[in-house]
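Okay, structure first, notes after.
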Amino acid sequence: MTSQPLLNKDTRLCISLAARPSNFGTRFHNYLYAELGLDFVYKAFTTANLASAIGGVRALGIRGCSVSMPFKEDVIALVDEMDASASAIQSINTIVNDDGCLRASNTDYIAAADLIHARGIDPATPFLLRGSGGMAKAVAAAFRDSGFENGTLIARNKTRGQALATELGYRWAAEPAGLSAPLLVNVTPIGMTGGAEANDLSYSAEAIAEATTVFDVVALPAETPLILAARAAGKVVITGAEVIALQAAEQFERYTGVRPTPEQVAEASAFARTHMA
């Protein structure tokens, strides 16, 4: 590993803003700064005053800012430019500060689209997608923009679920009971370590048996109950660990101008996930 430069007056700062910061971004980015010998440092924060925090990013010359829930939509009014990835879903997770000009993108959307293309999933494949939050919107929009027309969004919140489904041109259902499709996508916290539903499946065993591919966006653990059940049933799986690593690599490149190799991304992701809480 290349030595990371000692902190100095020219060290560039990147940060994250989240209601409940995790260690993933901090570990991922700082690991790669050290690996590549870059004069950067990354630190996670939370805030009760988003406008002031973003004002600080601009005023202090903070190079990059990752934005997590619940700030992804509220931050739109505070940036100067949004690229197509953010404009497509009106949600931001990445801000780059270019000499006081704040440019925004959504690398969740980019990562999901890249995975869909890399796995060669036929756009004619019908799918079920469970979730209606900001990440669900990013993933569902990535499917829409990849040419998938036959989708059903599953969300208990009728107002939000129907609105998102209508916006993207998909059907809506309140619950997954009785539904099946070749492609199952989970974008809810179901299966996340430490949650009340940590041992639950977001889709039934019957739905998993009828599917060909299962995509779980939950990143911790990477081997969720849904992914374990899908593997046991011999299905193709896409994990949340793949999503979080890809979106972080996209952010890293935007902040530093350096694209880490796939091997470096995998190493940084493995390191970060062991210290993610």
Side-chain angles (χ1 to χ4, degrees), residues 89 108-158 160-193 195-247 273:
I89 57 176
D108 291 332
Y109 169 93
I110 294 168
D114 285 351
L115 280 170
I116 292 166
H117 298 152
R119 294 306 183 90
I121 305 173
D122 185 349
T125 304
F127 70 92
L128 304 178
L129 186 150
R130 190 169 185 181
S132 61
M135 187 66 177
K137 187 175 185 180
V139 175
F143 275 103
R144 176 200 62 187
D145 295 343
S146 298
F148 288 73
E149 298 180 355
N150 190 356
T152 299
L153 305 189
I154 302 167
R156 293 178 183 176
N157 186 313
K158 181 177 181 180
R160 190 165 60 189
Q162 279 190 329
L164 181 57
T166 299
E167 177 185 343
L168 297 176
Y170 294 133
R171 295 178 297 277
W172 167 80
E175 298 289 345
L179 300 177
S180 63
L183 173 58
L184 304 179
V185 187
N186 176 51
V187 202
T188 75
I190 297 173
M192 185 178 293
T193 295
E197 299 174 300
N199 295 316
D200 288 348
L201 294 173
S202 49
Y203 292 98
S204 68
E206 292 77 14
I208 295 169
E210 294 184 30
T212 56
T213 302
V214 175
F215 183 0
D216 195 345
V217 177
V218 172
L220 182 65
E223 297 295 307
T224 62
L226 177 62
I227 291 295
L228 290 171
R231 287 194 194 279
K235 309 302 178 181
V236 175
V237 300
I238 305 172
T239 72
E242 296 174 77
V243 178
I244 197 171
L246 275 180
Q247 72 83 20
R273 284 187 284 110

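Residue numbers run from 1 in the order of the sequence given.
The minimum heavy-atom distance between Ile190 and Val218, with the atom names listed, is O-CG2, 3.8 Å. Between Leu183 and Val185 the shortest heavy-atom distance is CG-CG2, 4.0 Å. A pairwise comparison of heavy atoms in Val237 and Arg231 identifies CG2-NH1, 3.4 Å as the closest pair. Residues Ser202 and Leu226 share a closest heavy-atom pair of OG-CD2, 3.3 Å. Counting all heavy atoms, side chain and backbone alike, Leu128 lies closest to Tyr203 at O-OH, 3.3 Å. Of all the heavy atoms in Ala229 and Leu201, the pair that sits closest is CB-CD2, 4.1 Å.
From Thr188, atom OG1 reaches atom CG of Leu129 across 9.5 Å, with rounding to the nearest 0.5 Å. Thr166 contributes atom OG1, which lies 12.5 Å from atom CZ of Arg171 (distance to the nearest 0.5 angstrom). Put simply, CG on Asp114 and CD on Glu242 are 12.0 Å apart, with the number rounded to the nearest 0.5 Å. Here CG of Asp108 is found 13.0 Å from NZ of Lys137. Values are rounded to the nearest 0.5 Å. For the atom pair Lys235 NZ and Thr212 OG1, the distance stands at 7.5 Å (nearest 0.5 Å). For the atom pair CG (Asn150) and CZ (Phe127), the distance works out to 8.0 Å, reported to the nearest 0.5 Å.
Using a 4.5 Å cut-off on side-chain heavy atoms (C-beta onward), Phe215 and Ile121 make no contact.
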Start with the C-alpha distance between Glu206 and Ser180, add both sets of side-chain angles, then the distance that settles side chain to side chain contact (heavy atoms under 4.5 Å, CB included), and finish with yes or no.
CA-CA 8 Å; Glu206 292 77 14; Ser180 63; over 6 Å; no

Audit row: Arg119, Thr213, side chain to side chain contact (heavy atoms under 4.5 Å, CB included) steps and yes/no
CA-CA 10 Å; Arg119 294 306 183 90; Thr213 302; over 6 Å; no

Give the intermediate values and the outcome of side-chain hydrogen bond (donor to acceptor under 3.5 Å, both in side chains) for residues Asp216 and Thr224.
CA-CA 8 Å; Asp216 195 345; Thr224 62; 2.7 Å; yes

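Between Phe148 and Phe143, the angle of the ring planes goes over 60°, which puts this pair in the perpendicular group of the 30/60° scheme.
Remark: side-chain polar atoms of Trp172 are paired, donor with acceptor, to backbone N or O of Ala155 under 3.5 angstrom.
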